[in-house]
Amino acid sequence: MVILDAIGLLASLLTAAAVLLIAQELARGRLQRRLQMTLKALERHKEFNPELERVKAVSRAGELRVGATSEDELFVAFSYLNGVELLCLGIHKGFYDEAVAYEYVAGSLIQNFRIFQPLIGDLRERSSNPRVYLQLEAVARRWEERRRREML
């Protein structure tokens, strides 16, 4: 009877170890897919866009406002902001890896959020929707605070 109990215990331990190994492999595969998706999304963010640079200069001058700026400039700004909002939503929901994203684009995301903050505020006010680009703002502020702490 003791031998059967020992065999049963050994079988249970082997089954538990196998399940643990399978779970680790599945998690490793999910992590790899998550990292690949993150890097793919970040590549789009890092692409140099001369039109965006021109629109950022307009925004720095305080001249980028809904209704007072050309539709082309607003299209460029909102295209960028929509893409970054989607990236930040993916970070918030855990679809993208925040640590990788932070290392790769924190500086430009924080800087661009500051540059476009007046336009975002203007859009929130005009649309009566304080949630416009909320994920972008949350990530930018969190990363800005993290940068501040890292500098200490």
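Bear in mind that the values here come from a model prediction, so they are computed numbers and not experimental data. All residue numbers refer to positions in the sequence shown, counting from 1.
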Please check if [X] and [Y] belong to a single hydrophobic cluster, counting links between Ile, Leu, Val, Met, Phe, Trp and Tyr side chain heavy atoms closer than 4.5 Å.
X      : Y      : value
Val84  : Phe95  : yes
Leu89  : Val105 : no
Leu136 : Leu86  : no

Mind checking side chain to side chain donor-acceptor pair (under 3.5 Å) for Arg147 and listing every partner two or more places apart, or none if nothing turns up?
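Side chain to side chain donor-acceptor pair (under 3.5 Å) check on Arg147 returns nothing, list empty.
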
What residues form a side chain to side chain donor-acceptor pair (under 3.5 Å) with Arg148, not counting sequence neighbours?
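Per chain and number, Arg148 pairs via side chain to side chain donor-acceptor pair (under 3.5 Å) with Glu145.
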
Output the distance between atom [atom1] ([X]) and atom [atom2] ([Y]), rounded to the nearest 0.5 Å.
X      : Y      : atom1 : atom2 : value
Leu74  : Leu81  : CG    : CG    : 10.5 Å
Tyr96  : Cys88  : OH    : SG    : 10.5 Å
Glu125 : Leu123 : CD    : CG    : 10.5 Å

Less than 4.5 Å apart, any side-chain heavy atom of [X] and any of [Y]?
X      : Y      : answer
Ile91  : Trp143 : yes
Glu98  : His92  : no
Phe116 : Phe78  : no
Leu87  : Val139 : no

[X]: partners by side chain to side chain contact (heavy atoms under 4.5 Å, CB included), with sequence neighbours left out:
X      : answer
Val76  : Glu51, Leu52, Val55
Glu103 : Arg146
Arg124 : Ile120, Val132, Leu134, Glu137

For Glu150, I'd like to know if atom CD has over 12 heavy atoms of other residues, nucleotides or ligands within 6.0 Å.
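Yes, enclosed.
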
Donor-acceptor pair, Gln135 side chain versus Glu85 backbone, under 3.5 Å?
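Checking the backbone N and O of Glu85 against the side chain of Gln135, no donor-acceptor pair under 3.5 Å is found.
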
Looking at Pro118, is its backbone amide N or carbonyl O close enough to the side chain of Asp122 to form a donor-acceptor pair, meaning the two atoms are under 3.5 Å apart?
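Absent.
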
For Phe113, ring-ring contact (aromatic ring centres under 6.0 Å, His included) partners two or more places apart
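So Phe113 forms no ring-ring contact (aromatic ring centres under 6.0 Å, His included) with any residue.
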
